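All of these numbers come straight from a predicted model, not from anything done at the bench. Throughout, a chain's letter reflects where its sequence line sits, starting with A, and its residues are numbered from 1.
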Amino acid sequence: MNTDKLPTRSENYSEWYNQLILRSELADYAPVRGCMVVRPYGWALWENIQGALDKRFKETGHSNAAFPLFIPMSFLEKEKEHVEGFSPELAIVTIGGGEKLEEPLVVRPTSETIIGYMYSKWIKSYRDLPVLINQWGNVVRWEMRTRLFLRTLEFYWQEGHTAHATAEEAVDETVRMLNVYTDFAVNEAAVPVIPGRKSETEKFAGASDSYTIEAMMGDTRALQAGTSHFLGQNFAKAFDIQFLDPGNQLQHCWTTSWGLSTRFIGAIIMTHGDDQGLVLPPRLAPIQVVIVPIFRNDDEQAKVMPVAEALNRQLSQFRVKLDTRSEVTPGFKFNDWEMRGVPLRIEIGPKDIDNGVVTVARRHTPGKAGKSTLPLGDEIAAQVQAVLDEIQAAMLEKARNFRDAHIHEPKDYEEMKQIVQDGWALAYWCGRTECEARVKEDTKATTRCIPLDQPEGQGECIVCGQPAKKKVYFARAY
RNA sequence: CGGGGUGUAGCGCAGUUGGCAGCGCACCGCGUUUGGGACGCGGGGGUCGGCGGUUCAAGUCCGCCCACCCCGACCA
């Protein structure tokens, strides 16, 4: 076990991130470059993310299904922008069972094409619509530069694919699912994302419009934490997804797709983590409460352990762990569980038992300020629930304050160049690609999103000074 | 693909003039410890990235290859 301190975020943010993932056992490097193994602790976190999202998908009328990993190469080529966007990063199978394949198979980078193909078989009538399907799975994109969780060659995600009779319905669906992601991010992960629309250059290959939730990481860089795309009739036309409307007219469907991946784990790490390690939101943490018994000798052990075990049972409604390891000291355990981000630690020793209490330590509030005592007794589970709720709320508020403290509205282009070095700039933008490109050239910052909750305004583009109606966030991104 | 770098125990590294393969952490055993990262003693673990060459002798010198990392380019 590595007992050295982590690098601090200020001395080396990316080393802090990498080492924290390895040491907390969320994930490990696989033998293939750019691939990761999601370890049990990381997968448990992902399962909790899945559960929170899947519930919301079901509540909004979606069903899960599973489509194949392999896609005929020709499918990708049917939608021009789609193939242009994805061809540089495809993994392609050319041999199967020792025989050269008639047609190469792409390992799916995303499933619009194969699902579009199936939808064209299934959809004949307006009565078949809407089709609302989600799939949980893995995809492969041969990225050049990879980072654990943020950008790996293979990653796990969900991808929703829907087909509708009208553009309005499809747009509504796109925005509905963006709102589902926002609700999940804010209320489950305590990640205060900003929902908005992507610019033409930043949108998904093949989409008419892409929407995103953008999150600010602890180094102020932006992370696209989930996306929802209005695909127009692009894929419906490429794959002949057609239906007869009530007037017996043949029409193309309007489709959407939306996805959120294991990248979101990176968002949680970098939104809440501190120099001591992970800080996980109670609603998603694989272990919500850890109980650390403390004793010096057999007599004290005999006194403490039955109480600790009884408490463990009393808290069975939570994801609770009783740390019975005898080979490490309590001090080691405190640091160990803090590094792993467990939201609430309960210490129970002879002194506590004498006083009829347990000591609780809140992960998100380091040191003595986060410690208090709770009386042992029938009320303890309700009190623990209250503390977890309080932690969840405090984490969201802290992240929101950090975000808002690093968003500025520049008065001119010079000021904007300064702002994006350590924050996000919110400014009017004329909508032209040239202005985006100039900002990227000058600062490495890109447009992140055009936030949805803004009134139509009148302003001047921060770059060129021409009339602009909408503000956009500029930031350096992962 | 261009520039730079690194490959020696699970991890981090040392290895001098070519001459027995080492150190710290981790791991295993025993004992003492245990309210904020304990300590002692004992122990296990190696294709020195690969192939070839020079040599009595190669981790060390030479050649070729491979992998990975950093910067750039590229990119949901």
(message) Can you tell whether the side chains of A:Arg176 and A:Glu173 come within less than 4.0 Å, N to carboxylate O?
(response)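 So A:Arg176 pairs with A:Glu173 through a salt bridge.
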Please measure how far the [atom1] atom in [N] lies from the corresponding atom in [M], and state the result in whole Å.
N	M	atom1	result
B:rC27	B:rG10	P	15 Å
B:rU8	B:rG42	C1'	26 Å
B:rU17	B:rU55	C1'	15 Å
B:rC48	B:rC28	C1'	25 Å
B:rC74	B:rG18	C1'	45 Å
B:rG40	B:rU33	C1'	11 Å

Under 4.0 Å, heavy atoms only, any strand: does [X] hit a base, just the sugar-phosphate, or nothing?
X	answer
A:Lys440	nothing
A:Lys333	nothing
A:Ser210	nothing
A:Pro350	base
A:Trp157	base
A:Asn297	nothing

(request) Measure from NZ or CZ of A:Arg151 to the centre of the six-membered ring of A:Tyr478, then state whether that distance is under 6.0 Å and the direction lies within 45° of the axis. (result)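 Output no; distance or angle outside limits.
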Side chain of [X] (C-beta onward), nearest among [options]:
X	options	answer
A:Glu347	B:rC75, B:rG37, B:rG36	B:rG36
A:Asn335	B:rG36, B:rG35, B:rA76	B:rG36
A:Pro330	B:rG37, B:rA76, B:rG35	B:rG35
A:Lys371	B:rA73, B:rU34, B:rG36	B:rG36
A:Gln276	B:rG36, B:rC75, B:rA76	B:rG36
A:Glu338	B:rA73, B:rG36, B:rG37	B:rG36

(message) Is it the case that the ring center of A:Phe184 lies less than 6.0 angstrom away from the ring center of A:Phe264?
(response)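 Ring-ring flag for A:Phe264/A:Phe184: true, centres closer than 6.0 Å.
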(message) Just checking A:Phe86 against A:Phe204, ring centres under 6.0 Å apart?
(response)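 They qualify: ring centres under 6.0 Å apart.
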Using only side-chain N and O atoms of [X], determine if any of them is under 4.0 Å from OP1 or OP2 of [N].
X	N	answer
A:Thr329	B:rA38	yes
A:Lys444	B:rA73	no
A:Arg145	B:rC71	yes

Considering only heavy atoms and no angle criterion, is a donor-acceptor pair shorter than 3.5 Å present between the side chain of [X] and the base of [N]?
X	N	value
A:Arg151	B:rA76	no
A:Asp336	B:rG37	no
A:Glu202	B:rA76	no
A:Arg345	B:rG36	yes

(request) Nearest-nucleotide wise, let me know which of A:Asn18 and A:Gln224 is further upstream toward the 5' end of RNA chain B. (result)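 Here A:Asn18 is the residue nearer the 5' end.
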(request) Could you go through the ring-ring contact (aromatic ring centres under 6.0 Å, His included) check for A:Trp258 and A:Phe57 one step at a time? (result) CA-CA 11 Å; A:Trp258 27 274; A:Phe57 298 158; 5.1 Å; yes
(message) Against A:Thr162, only a single residue in A:Thr255, A:Thr256, A:Ile133, A:Asn134 fulfils side chain to side chain contact (heavy atoms under 4.5 Å, CB included); can you say which?
(response)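 Answer to the side chain to side chain contact (heavy atoms under 4.5 Å, CB included) test with A:Thr162 among A:Thr255, A:Thr256, A:Ile133, A:Asn134: A:Thr256.
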Taking pairing as Watson-Crick or G-U wobble with both contacts under 3.5 Å, can you name the mate of [N], or confirm there isn't one?
N	value
B:rA58	none
B:rA67	B:rU6
B:rA38	B:rU32
B:rU17	none

(request) Report the relative orientation of the aromatic rings in A:Phe239 and A:Phe235; use parallel for angles under 30°, tilted for 30 to 60°, perpendicular for over 60°. (result)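 Ring orientation of A:Phe239 relative to A:Phe235: parallel.
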